[in-house]
Amino acid sequence: MPRVIILFIIMLLGAGCSFQDIFAQNTQLSPESAQEHYNTGVFYGKQEKYEEAVMELEKAIALQPAYADAYNALGVVYYLQKDSQKAIEQYLLAIEADPKQVKARTNLAILYQEQGEYRKAVQQIEKALEINPTYELAKNLLDEVRKKADEQEAKDLERQQAEAKRLAQPQATSPVKTPQKSAQFFFEAGTKLVRQGKLDAG
């Protein structure tokens, strides 16, 4: 199992934490019903009842449009359904609602990494660690993702240099071939010159 997936599962399951604790910690929102829909949505997510989880989380967001944890949880549900685009949209909404949402930033970084967008992933992880330097999942991901970003940039630079070198070289032209003359040609030409009295030339 790839390390990133293992880390993601650790993030979801936690070490002695409930599914709800992972999705949101110290959430203080009103009205209370938004929190209840959020809790129910998280519960359904834990049960792998993703349609019900989406419905409940969307209800929470409808009641509390700036509910960053609900957007993040909805992103996780879409991720588990393998809908990366919708997951990214929800993580971005979570960050928009709360720029200090380290869980959403780290989840977004995981998705960017899976899509090969390593520099974007590094940016999100670094931002998460600026906000919370002790956030373990982000700390564990940073070195691995940064290394891949550096490797990708080196390959891109190498390709660009090779392309620039290729374009800078003059276009090779095929040499003009002079038709080869046969012995018969020279014999006939020489005979003609002799008949014209041009003995030396013939």
With rounding to the nearest 0.5 angstrom, report the [atom1] to [atom2] distance, [X] to [Y].
{"X": "Ile125", "Y": "Leu129", "atom1": "CD1", "atom2": "CG", "result": "7.5 Å"}
{"X": "Gln160", "Y": "Lys165", "atom1": "CD", "atom2": "NZ", "result": "16.0 Å"}
{"X": "Tyr67", "Y": "His37", "atom1": "OH", "atom2": "NE2", "result": "10.5 Å"}
{"X": "Glu153", "Y": "Glu158", "atom1": "CD", "atom2": "CD", "result": "14.0 Å"}
{"X": "Leu157", "Y": "Arg159", "atom1": "CG", "atom2": "CZ", "result": "10.0 Å"}
{"X": "Leu74", "Y": "Leu93", "atom1": "CG", "atom2": "CG", "result": "9.0 Å"}

Stepwise side-chain contact (heavy atoms from CB on, under 4.5 Å) test for Arg105 and Ile95: CA-CA 7 Å; Arg105 287 187 182 279; Ile95 293 165; 3.3 Å; yes

Candidate pair Tyr71 and Leu57, rule side-chain contact (heavy atoms from CB on, under 4.5 Å), full reasoning: CA-CA 8 Å; Tyr71 286 119; Leu57 292 167; over 6 Å; no

Under 3.5 Å: donor-acceptor pair, side chain of Asn72, backbone of Ala68: no

Backbone of Gly116 reached by a side-chain donor or acceptor of Gln152 within 3.5 Å: yes

What pair of heavy atoms forms the shortest contact from [X] to [Y], and how long is it?
{"X": "Ala128", "Y": "Val102", "result": "O-CG1, 3.5 Å"}
{"X": "Ala104", "Y": "Ala94", "result": "CB-CB, 3.7 Å"}
{"X": "Gly75", "Y": "Ala87", "result": "O-CB, 3.4 Å"}
{"X": "Ala60", "Y": "Ala34", "result": "CB-O, 3.3 Å"}

Using 4.0 Å as the upper bound for N to carboxylate O, is an ion pair formed by [Y] and [X]?
{"X": "Lys86", "Y": "Glu89", "answer": "no"}
{"X": "Arg166", "Y": "Glu163", "answer": "yes"}
{"X": "Lys59", "Y": "Glu56", "answer": "yes"}
{"X": "Lys120", "Y": "Glu117", "answer": "yes"}

Validation row, ring centre Tyr112 to ring centre Tyr118 under 6.0 Å: no

Distance-only side-chain donor-acceptor flag, Asn39 / Gln35, under 3.5 Å: yes

Short side-chain donor-acceptor distance under 3.5 Å, Gln101 and Asp69: yes

Criterion salt bridge (Lys or Arg N to Asp or Glu O under 4.0 Å) on Glu136 and Lys139, from CA distance to verdict: CA-CA 5 Å; Glu136 283 300 318; Lys139 286 168 65 177; 3.3 Å; yes

Candidate pair Tyr79 and Tyr91, rule side-chain contact (heavy atoms from CB on, under 4.5 Å), full reasoning: CA-CA 10 Å; Tyr79 176 88; Tyr91 295 145; 3.9 Å; yes

Steps toward side-chain contact (heavy atoms from CB on, under 4.5 Å) verdict (Gln124, Thr106): CA-CA 6 Å; Gln124 291 299 330; Thr106 307; over 6 Å; no

Contact check, side chains of Val122 and Gln113, non-hydrogen atoms, under 4.5 Å: no

Heavy-atom side-chain proximity of Ile110 to Leu137 below 4.5 angstrom: yes

Hphob cluster co-occupancy, Met55 + Tyr78, side-chain heavy atoms under 4.5 angstrom: no

Same apolar cluster (I L V M F W Y, side chains within < 4.5 Å links), Ile61/Tyr50: yes

Salt bridge (Lys or Arg N to Asp or Glu O under 4.0 Å) evaluation trace for Lys147 with Glu144: CA-CA 5 Å; Lys147 180 181 177 183; Glu144 178 184 345; over 6 Å; no

Test salt bridge (Lys or Arg N to Asp or Glu O under 4.0 Å) applied to Arg119 and Asp150, step by step: CA-CA 8 Å; Arg119 187 50 58 193; Asp150 292 342; 3.2 Å; yes

